[in-house]
Amino acid sequence: MKQTPPQGGVLIRQLHGIQSRLNYLPREELERVSEQLDIPLSQVYSVATFFTSFSLTPVGKHVVNVCVGTTCHVKGASGIVEYMERRLEIPLDGISDDGLFTLRTLRCLGCCSLAPVMKIGDKVYGHLTRAKAEKIIQRIRKAPS
Ligand code: FES
């Protein structure tokens, strides 16, 4: 069984700090963390790519993750993804012109009873419809930054 390194908690905290500050994890920062904590770079990457809250590429302020797992797919997730691509005017993994949004998909958020589902930041939105997704996007756009 794979063991978590003793510095695992420190590593995750450092990665969260970088992600909050820069909105993604640049390679130079991962190399610096690797040296600082004396953890192989491959292990730092392993943690950085394990959690969906981390991104190795620049992203918008809000990452919209639409679940396309089996249950969400059956309940119409692809229609939500298409709507969001048109509404935000970005392809998957793109950044909106205003820098506010990145659209991504993921597979199963573990709350299939709420399908179709999307997650923005720490918040999960269930029983999604296009109208509901539209209201959520409008609310985020109107929120003070
Ligand atoms: S398939 Fe979407 S939450 Fe499980």
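Counting starts at 1 for both ligands and their atoms, following the listed order. Everything numeric here is computed off the predicted structure, so don't read it as measured data. Numbers here are sequence positions counted from 1.
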Using a distance threshold of 2.8 Å, state whether an N, O or S atom of Cys67 lies below it from atom 2 (Fe) of ligand 1. yes
Cys112 backbone or side-chain N/O/S under 2.8 Å from atom 2 (Fe) of ligand 1: no
Check this for me: does any side-chain nitrogen of one of Arg141 and Asp98 sit under 4.0 Å from a carboxylate oxygen of the other? yes
Under 4.0 Å from any heavy atom of [X], which atoms of ligand 1 are there?
X      : result
Gly110 : 3 (S)
Thr71  : 1 (S)
Cys72  : 1 (S), 2 (Fe), 3 (S)

Under a 4.5 Å cut-off applied to non-hydrogen side-chain atoms, are Phe101 and Met84 in contact? no
Glu134, CD atom: more than 12 neighbouring heavy atoms under 6.0 Å: yes
Report yes or no: does Cys111 have a heavy atom closer than 4.0 Å to ligand 1? yes
Which protein non-hydrogen atom lies closest to atom 3 (S) of ligand 1, naming both residue and atom, and how far is it? Leu109 N, 3.4 Å
Show the numbers, then the answer: is there a salt bridge (charged side-chain N to carboxylate O under 4.0 Å, His left out) between Glu28 and Arg32? CA-CA 6 Å; Glu28 312 79 60; Arg32 185 186 55 74; over 6 Å; no
If we ignore angles and hydrogens, is there a donor and acceptor under 3.5 Å between the side chains of Arg107 and Thr70? no
Evaluate Arg104 against Val59 for side chain to side chain contact (heavy atoms under 4.5 Å, CB included), listing each step before the verdict. CA-CA 10 Å; Arg104 289 187 168 160; Val59 291; 3.4 Å; yes
